[in-house]
Amino acid sequence: MAELGHDVIGVDVDQAKIDALAVGRAPFFEPGLPELLTSAVATGRLRFTTDMSEVADADVHFVAVGTPQKKGEGEFAADLTYVDAAVTGLIPYLADGALVVGKSTVPVGTAARLAELVTAGAPHASLAWNPEFLREGFAVKDTLGPDRLVYGVAAGAAGERATAQLDEIYATALKTDTPRIVTDFATAELVKVAANAFLATKISFINAMAEVAEATGADVTQLADAIGHDARIGRRFLNSGLGFGGGCLPKDIRAFRARGEELGLGSTLAFLGEMDSINLRRRDRMVELTRESLGGDLSGKRVAVLGLAFKPDSDDVRDSPALDVAARLQEEGAIVIATDPEAVHTSQRIRPELTYATTVAEAIVEADAVLVLTEWKEYRALTPEDLSAATGRVILDGRNCLDRDLWRSSEWTYRSLGRP
Ligand code: UGA
C-alpha cells in the first residue's frame with residue numbers, strides 16, 4: 001500500500017514483530033518483501049505500532065488477521081477470535097466516514113455481523129469485505145498487480161461510498177483494467193472460499209487420478225499434460241504429488257464444510273471432506289513408498305528429506321505435507337535428516353524432535369534413501385553426481401519434479417507418486 005503511494009500504519013499486538021518490521025525485517029520469508037519493506041520505511045510512508053490509538057485519523061482500516069482452524073479434536077470451523085478482537089478494538093478509534101475493510105478469510109455471514117457491530121459502535125463509519133487472493137511466494141507481485149478485485153459492500157449510499165473509497169485505494173490496479181466485481185457481503189465472502197475450494201478440488205482430482213494410475217500402471221503426469229491441453233480444464237494446479245498444505249487451502253475447505261453444516265448444507269459440501277481425505281492419503285502413500293523402497297522396514301534406515309516448506313519459495317510449514325511425512329517416517333523408526341533452503345527454522349519450532357541439516361550435502365551423507373518433498377528450484381536441478389555421498393541409490397520424488405530417465409540411467413532406483 002505504501003508502494004502504491006498511500007500513507008500506511010501497520011498495527012499488531014506482537015511487539016517483537018513490530019520491532020522487526022520497524023527496522024525493515026520481514027517476519028517470514030517472502031521473495032521481494034524485504035526490499036519493498038526497506039524502501040517503503042525509508043520514504044516515511046510506512047510505519048508500525050502496537051498502539052491502536054495511533055490509527056485514529058486513518059480513512060481506511062484493513063483487517064488482515066488470521067482465521068486459523070479452531071483447536072480441538074474434530075473441530076473444523078474457523079476461529080474468529082482475532083477478527084472479532086481486531087474489529088472491536090478498532091471501533092473506539094473510527095473517525096466519521098472511516099471504512100473498515102475485511103481482508104481475512106471468514107465464514108459467510110461474518111461481514112454482515114461485523115457491519116452491525118461497527119455501525120452500533122461508530123454510527124458514521126462503515127464496513128466492506130475485500131477478499132485477498134495472493135499466493136505465498138508471489139505475494140508482492142499479486143498485491144501490486146492483482147488478477148481481480150472483489151468488493152463486498154452494503155446496499156445503498158453507504159455501499160457506494162465504500163466502493164469509491166476502495167477505488168481510490170486501488171487506483172493503480174484499476175488504471176490497468178484489473179477486473180473489479182462489486183457485490184454484497186455474502187458473495188464476497190463466498191468468492192474467497194469458493195476459489196480455494198475449487199483449487200483444492202483440482203489438486204485432489206489429479207491426486208485421485210494418481211491413485212488410479214498407481215493401480216493401473218498409467219502415468220499421471222502425462223495424463224495431466226494431456227487433459228490440461230483442453231482449455232476448459234487447463235494445466236495449472238494439476239501437479240500431482242504430496243498434495244496441498246499451508247495456512248489456507250486445508251483449513252479453508254474444512255471451515256467451509258463446517259459452515260455448510262450450520263447452514264443445513266452438509267451434503268452439498270460433503271465432497272470437500274472427500275477432497276481432504278484424498279489429499280491426506282498422499283502422505284500415507286509417501287510413507288508406504290519409502291518403506292517399500294527400503295525393503296519393507298523403516299527401522300534404523302537413514303532417510304534424507306529434501307524440502308520441508310508446504311511449497312517452494314516459502315518458509316511456511318503450516319500443515320506442510322513434507323514436514324508431516326518427515327515426522328511420520330521418524331515415528332516409524334527411520335533416522336530422518338531433513339533440510340530446506342528456508343524452512344528449517346520454522347520446522348524446528350513445531351518439530352524439534354527431528355534432525356536438521358543446513359545443506360543437501362550434509363543431509364544425504366550415508367542416506368539409504370533421498371526424498372524430495374518440496375520442489376524447490378535447486379532440488380529440481382539436482383543430478384546423481386550431487387548425491388553421490390548417499391549410501392543407497394534410492395530417490396523418491398514426492399512432487400513429480402525430477403527427470404526420471406536421468407536418475408534411472410545412472411543406476412538409481414527412482415520412484416514417485418502416480419508414475420510407473
Ligand atoms: C492459496 C491460493 O492459491 C491463493 O489464491 C489464496 O489467496 C491463498 O491460498 C490464501 O487463501 O491466502 P497458497 O496457500 O500460497 O495460496 O498456495 P498455493 O499456491 O495455492 O498452493 C497450495 C498447496 O497446493 C501447496 O502445498 C502446493 O504444493 C499444492 N499444490 C499446488 C499442488 O499439490 N499441486 C498443484 O498443482 C498446485
Side-chain angles (χ1 to χ4, degrees), residues 28-31 33 64-69 78 102-107 130-143 145-150 188-210 220-221 223-225 227-228 233-256 275-276 278-283 285-286 307-325 340 342-343 372-377 379-380 397-401 416-418:
F28 46 78
F29 174 78
E30 181 64 42
L33 185 59
V65 294
T67 50
Q69 188 174 330
K103 272 272 165 207
S104 309
T105 303
V106 290
N130 172 220
E132 178 54 56
F133 306 107
L134 71 81
R135 300 158 297 167
E136 290 185 27
F138 299 92
V140 171
K141 179 174 167 285
D142 288 351
T143 304
D147 59 2
R148 80 278 210 193
L149 293 165
V150 175
E189 292 165 315
L190 281 172
V191 167
K192 172 66 194 189
V193 284
N196 276 1
F198 191 89
L199 295 171
T201 300
K202 202 170 176 188
I203 300 167
S204 278
F205 176 85
I206 202 64
N207 282 331
M209 295 307 107
V220 71
T221 59
L223 173 84
D225 291 343
I227 63 172
I233 296 173
R235 181 62 178 80
R236 295 178 74 190
F237 269 66
L238 281 184
N239 293 326
S240 60
L242 264 189
F244 57 81
C248 304
L249 264 44
K251 63 106 177 154
D252 286 353
I253 60 168
R254 291 170 196 153
F256 195 15
M275 298 307 125
D276 205 0
I278 294 168
N279 190 53
L280 296 175
R281 275 207 299 274
R282 294 287 76 194
R283 304 179 188 185
R285 178 67 195 134
M286 195 68 215
L308 294 163
F310 84 108
K311 70 178 207 182
D313 295 317
S314 172
D315 63 358
D316 196 344
V317 292
R318 287 175 294 171
D319 209 339
S320 167
L323 183 57
D324 193 18
V325 166
D340 187 284
E342 295 293 339
V372 176
L373 301 186
T374 310
E375 69 278 31
W376 286 90
K377 199 169 166 209
Y379 297 165
R380 292 202 308 260
D397 181 358
R399 291 287 177 184
N400 287 323
C401 63
S416 68
L417 299 171

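All residue numbers refer to positions in the sequence shown, counting from 1. In listed order, ligands and their atoms are each counted from 1. Every heavy atom of this structure was used, including side-chain atoms; hydrogens, water molecules and symmetry mates were not.
Considering K192, R235, K103 only, the shortest heavy-atom separation from atom 11 (O) of ligand 1 involves K192. With N196, I203, I206 as candidates, the residue nearest to atom 2 (C) of ligand 1 on a non-hydrogen basis is N196. Around atom 20 (O) of ligand 1, the closest heavy atom drawn from F237, F244, F310, F133 belongs to F237. Heavy-atom proximity to atom 15 (O) of ligand 1, evaluated over E136, K251, E132, R282, is greatest for E136. Considering only non-hydrogen atoms, atom 17 (O) of ligand 1 lies nearest to K311 out of K311, R318, R135, E375.
In terms of N/O distances under 3.5 Å, ligand 1 is approached by G245. No N or O atom of T105 sits closer than 3.5 Å to an N or O atom of ligand 1.
Residue G243 approaches ligand 1 through these ligand atoms, each under 4.0 Å from one of its heavy atoms: 26 (O), 29 (C), 33 (O). Against a heavy-atom cut-off of under 4.0 Å, L238 is close to the following atoms of ligand 1: 36 (O). Counting the atoms of ligand 1 from 1 in the order shown, those under 4.0 Å from a heavy atom of R399 are 28 (O), 33 (O). Interface of L249 with ligand 1, defined as ligand atoms under 4.0 Å from a residue heavy atom, comprises 1 (C), 9 (O), 22 (C).
For atom 34 (N) of ligand 1, the closest heavy atom belonging to the protein is N239 O, 2.9 Å. If you check which protein heavy atom lies closest to atom 12 (O) of ligand 1, you get C248 SG, 2.9 Å. Shortest contact from atom 3 (O) of ligand 1 to any protein heavy atom: L199 CD1, 3.6 Å.
Between the side chain of D316 and the backbone N or O of G246 there is no donor-acceptor pair closer than 3.5 Å. Between the side chain of K192 and the backbone N or O of F133, no donor-acceptor pair lies under 3.5 Å. Side chain of N400 to backbone of L417: a donor-acceptor contact under 3.5 angstrom is found. Checked by atom type and distance alone, the side chain of K202 never pairs as donor or acceptor with a backbone atom of L238 at under 3.5 Å.
Proximity of I278 to I203: side-chain heavy atoms (C-beta onward) are nowhere separated by under 4.5 Å. Using a 4.5 Å cut-off on side-chain heavy atoms (C-beta onward), V193 and T105 make contact. Within the 4.5 Å cutoff, side-chain heavy atoms of M209 are placed close to those of F205. Annotation: side chain of P321 is in contact with side chain of R399 (closest heavy-atom distance under 4.5 Å).
For K202, the heavy-atom gap to ligand 1 stays at 4.0 angstrom or more. Remark: distances from the non-hydrogen atoms of G241 to ligand 1 are all 4.0 Å or more. Contact between L134 and ligand 1 is present, with at least one heavy atom of the residue lying under 4.0 Å from the ligand. Under a 4.0 angstrom heavy-atom cut-off, R236 registers as lying outside contact with ligand 1. Residue-ligand proximity: G246 is placed with every non-hydrogen atom at 4.0 Å or more from ligand 1.
Between the CZ atom of R281 and the CG atom of D276 there is a distance of 11.0 Å, given to the nearest 0.5 Å.
Between G243 and N279 the shortest heavy-atom distance is CA-OD1, 3.1 Å.
No salt bridge links K251 with D319; every basic N to acidic carboxylate O contact stays at or beyond 4.0 Å.
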